[in-house]
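What follows is a set of notes on a single structure, which appears directly below.
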Number of protein chains: 2
Amino acid sequence: MTTTSDSTKKTTSAPAEKYRRYLQMLKKAGLRLTPQRMAICAYLAHTERHPSAYQVYEELAATHPGISRATVYNTLNTLRELGAIVELSFGSDHTHYETNTQPHVNLICLRCHKIIDYYGDPGVDALMERVRQETGFQSVAVKLDLVGFCAECRLQRLDEIRAMLKTAAQDKFPQTRNSKEEIV
Amino acid sequence: MTTTSDSTKKTTSAPAEKYRRYLQMLKKAGLRLTPQRMAICAYLAHTERHPSAYQVYEELAATHPGISRATVYNTLNTLRELGAIVELSFGSDHTHYETNTQPHVNLICLRCHKIIDYYGDPGVDALMERVRQETGFQSVAVKLDLVGFCAECRLQRLDEIRAMLKTAAQDKFPQTRNSKEEIV
DNA sequence: GCCGTAAATTAGATTGGTTCTAAATATAAA
DNA sequence: TTTATATTTAGAACCAATCTAATTTACGGC
C-alpha cells in the first residue's frame with residue numbers, strides 16, 4: 001500500500017515513527033523497555049485498524065508464544081494512561097483502541113459499527129489551547145467522534161422505509177474522499 | 001440548583017426537554033413507550049452526571065423496585081443505537097453514557113478519571129456538514145473528547161517531579177470558566 | 001562485566017458487568 | 001374480547017478484564 005499523502009509528511013515511514021514515539025513515551029515515564037512491551041508497541045504501530053485489547057493479545061500470542069494476557073492488558077492500560085493510545089467505545093463490543101493520535105475524526109456507524117477515519121481536521125489545536133488557558137486542562141490527545149449512519153446504512157434505512165410504502169428507490173451518494181474506511 | 005445559563009437557552013427546563021426528546025426518538029423508531037422505558041428516560045434526562053449502565057440500574061431499582069437489569073441494559077442499548085445517548089469510554093471503568101448530545105467537549109483526566117464538561121463549541125456543525133457532503137456519513141451525535149490532565153492533576157504531577165529535585169513549589173492556574181466539573 | 005533490587009512477566013484463578021434465555025406479562029390492533 | 005407481537009422479568013451464563021503470588025528480568029551502581 002503506497003502512502004499517498006497530500007500535504008505534510010515526513011520521509012520516515014509512519015509505523016516506524018509511531019513505534020519510536022511509543023517507546024519514547026514509555027521511557028520518559030521511567031518504564032522499562034522490555035521485549036514484550038516493544039512487541040506490543042510494534043504491533044500497535046503497524047496496525048491500521050482499531051484493535052481491541054483481546055485482539056492485540058490473540059494476534060500477538062501467535063507470533064510471540066508465551067506472552068501473557070496480563071502483560072498485554074497492563075501495557076495497553078499504561079499506554080492509555082500516558083495518552084499514547086486512546087480508548088474508543090462503540091456499541092456492544094469490547095474495548096477498542098485508537099493507535100493514531102494524529103488529530104482526525106472517527107465516523108462511527110450506529111448500524112454496522114464500522115469506523116471510518118476522516119482526515120480534514122478542524123481547528124482542534126486552537127480549541128486545546130483555549131481549554132488550557134480557561135480551565136488549566138492539559139490535553140495530550142484528541143478524540144473526535146461523529147456518531148451516526150454511514151452512507152451504506154443510511155441508504156438501507158431509507159430503503160427499508162420506502163419498501164414499506166411502495167418500491168425501493170435508487171439513490172447516489174458521493175464517493176468517499178479525504179477518508180479511509182476500515183473494518184473496525 | 002439554578003440553571004445559570006449565559007447565552008442561548010429555552011424557557012422550558014432542560015431536563016423536561018431532554019425527556020421529551022428521548023420519548024420522541026423511541027416513538028419515531030416504532031418502539032413502545034412502556035412505564036419502564038419512561039422511567040429510564042426520566043432518569044437520564046435528570047442526571048447531570050455520566051452514569052454507567054450499572055449505576056442507572058442500581059439507582060433506578062431503588063425507586064422502581066422490580067425493574068429488571070435486562071430492561072435497563074436493553075433500553076440503554078436501544079437509546080445508544082438511536083443516537084439519543086452516547087457511549088463514553090475512559091480507563092478501567094464500566095461503560096458510561098453521555099446523556100447530553102448538545103455539542104460540547106468532554107475533558108477526560110487520565111489521572112483521576114474526572115470528566116469536565118466544557119461548553120464553548122468549536123465549529124462542529126460545519127464539520128458535520130462537510131463530512132456528510134464528502135462521505136455521505138449522516139451524523140446524529142458528536143463526541144469530542146480531550147484526553148489529558150486536569151488542572152489539579154497537572155499540578156500534582158509537577159509537584160511530584162519537583163519533590164524529587166528539591167521542594168514542592170506553589171503555582172497558580174486559572175479559575176474554571178465556561179465549564180462544569182462533575183464527579184464522573 | 002557482575003550484583004542487587006525494584007520492576008515486570010507469567011499462568012491461572014477470579015471477578016463482575018453485561019448478555020442471554022425462556023417464561024410471563026403487557027401493549028396495540030382487529 | 002381476542003389475537004399477535006413486543007416487552008419485561010429473574011436468574012443463569014458468559015467472558016473480557018483484573019488480580020494473585022511466584023518467577024524472571026532489566027538496568028543503574030559497584
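Among the nucleotides C:dT18, C:dG12, D:dC27, the one closest to any side-chain atom of A:L33 is D:dC27. In the set C:dT10, C:dT18, D:dT7, the nucleotide with an atom closest to the side chain of B:T95 is C:dT18. Nearest to the side-chain atoms of A:Q36 among the listed nucleotides D:dA16, C:dT10, D:dA26 stands C:dT10. Ranking C:dT18, C:dT10, D:dT9 by closeness to the A:T71 side chain, first place goes to C:dT10.
Contact annotation: A:N74 does not reach the phosphate of C:dT10 (side-chain N/O to OP1 or OP2, under 4.0 Å). A sub-4.0 Å separation between OP1 or OP2 of D:dT8 and a side-chain N or O of B:T34 is present.
Across the protein-nucleic acid pair, A:Y57 atom OH and D:dA17 atom C1' stand 13 Å apart, rounded to whole Å. Atoms CG (A:L31) and C1' (D:dA26) sit 12 Å apart, rounded to a whole Å. Remark: C1' of D:dT25 and CZ of A:R37 are 11 Å apart, rounded to the nearest angstrom. Distance CZ (A:R69) to P (C:dA8): 21 Å, rounded to an integer number of Å. Here D:dA16 presents its C1' atom at 13 Å from CD of A:Q55, a figure rounded to the nearest Å. Between A:L79 atom CG and C:dA8 atom P there is a gap of 12 Å when expressed in whole angstrom units. The distance between atom OH of B:Y73 and atom P of D:dG11, rounded to the nearest whole Å, is 17 Å. To the nearest angstrom, C1' of D:dA4 lies 9 Å from CZ of B:R32.
Contact annotation: the side chain of A:V124 approaches that of A:M128 to within less than 4.5 Å [non-hydrogen atoms, C-beta and beyond]. Counting only heavy atoms from C-beta outward, the side chains of A:L79 and A:L26 approach each other to under 4.5 Å. Taking 4.5 Å as the limit, some side-chain heavy atom of B:H96 sits within range of a side-chain heavy atom of B:Q55. A:V142 has its side chain out of reach of B:V147: every pair of non-hydrogen atoms, C-beta onward, lies at least 4.5 Å apart. Between B:L107 and B:V105 there is a side-chain heavy-atom pair separated by less than 4.5 Å.
Nearest-nucleotide assignment on DNA chain C puts the 5′-proximal partner with B:A53, out of B:P35 and B:A53.
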